[in-house]
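Let me begin by presenting the structure, written as structure tokens, before commenting on it.
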Amino acid sequence: MNRVLLYTSPGCPDCAAVKRYLHQCGVAFEERDVTQPGVAEEAKSRYGVRIAPITVIDGEASYGTFAEQKAVLDSRLEGD
């Protein structure tokens with residue numbers, strides 16, 4: 001089972017799309033809101049980016065729109 005961490009922000013349509021997709025795939029994930037104190041800085045220091053959505057699967061981050069992330073998500077979640 002993959003460990004999935006998702007950095008999101010309220011009102012972000014791509015964040016909602018990634019969350020919806022993970023739910024549809026039956027993938028459990030931990031969500032962190034980049035608008036909360038220190039969370040954006042944490043994402044920036046760990047993954048080099050602080051703009052949501054950032055999807056981290058087993059320590060490897062991908063970011064950008066849902067459309068940009070979908071192929072990466074499919075590849076990394078394969079076999080679960």
### Task
Just jot down the side-chain contact (heavy atoms from CB on, under 4.5 Å) partners of P37, sequence neighbours excluded, or say none.
none

### Message
Between N2 (side chain only) and V4 (backbone N and O only), is there a donor and an acceptor less than 3.5 Å apart?
### Response
no

#### Entry: Check: R3 main-chain N/O paired with D58 side-chain donor or acceptor under 3.5 Å
yes

### Task
May I ask whether V49 and V39 are part of the same hydrophobic cluster, defined by side-chain heavy atoms of I, L, V, M, F, W, Y residues being less than 4.5 angstrom apart, directly or through others?
yes

### Query
Are V72 and L5 connected in a single hydrophobic cluster, I mean Ile/Leu/Val/Met/Phe/Trp/Tyr linked by side-chain heavy atoms less than 4.5 Å apart?
no

### Message
Suppose the criterion is salt bridge (Lys or Arg N to Asp or Glu O under 4.0 Å): which pairs have a residue in residues 11-23, not counting sequence neighbours?
### Response
K19-E31

### Message
Could you work out, with side chain to side chain donor-acceptor pair (under 3.5 Å) as the rule, every residue matching D74, not counting sequence neighbours?
### Response
Y21, K70

#### Entry: side chain to side chain donor-acceptor pair (under 3.5 Å) partners of Q24, counting only residues at least two apart
none

At their closest point, which heavy atom of [X] faces which heavy atom of [Y], and how far apart are they?
| X | Y | result |
| --- | --- | --- |
| A52 | C15 | CB-SG, 3.6 Å |
| T8 | L6 | CG2-CG, 3.5 Å |
| C12 | P53 | SG-CD, 4.0 Å |
| V34 | A40 | O-CB, 3.6 Å |

### Message
Going by the rule salt bridge (Lys or Arg N to Asp or Glu O under 4.0 Å), which residues pair with E60 if we only count those two or more places apart in sequence or in a different chain?
### Response
R76

Min side-chain heavy-atom separation [X]-[Y] under 4.5 Å:
| X | Y | result |
| --- | --- | --- |
| L77 | L22 | yes |
| Y63 | E68 | no |
| L73 | V27 | no |

### Query
Tell me the side chain to side chain donor-acceptor pair (under 3.5 Å) pairs involving residues 44-55, sequence neighbours left out?
T55-Q69

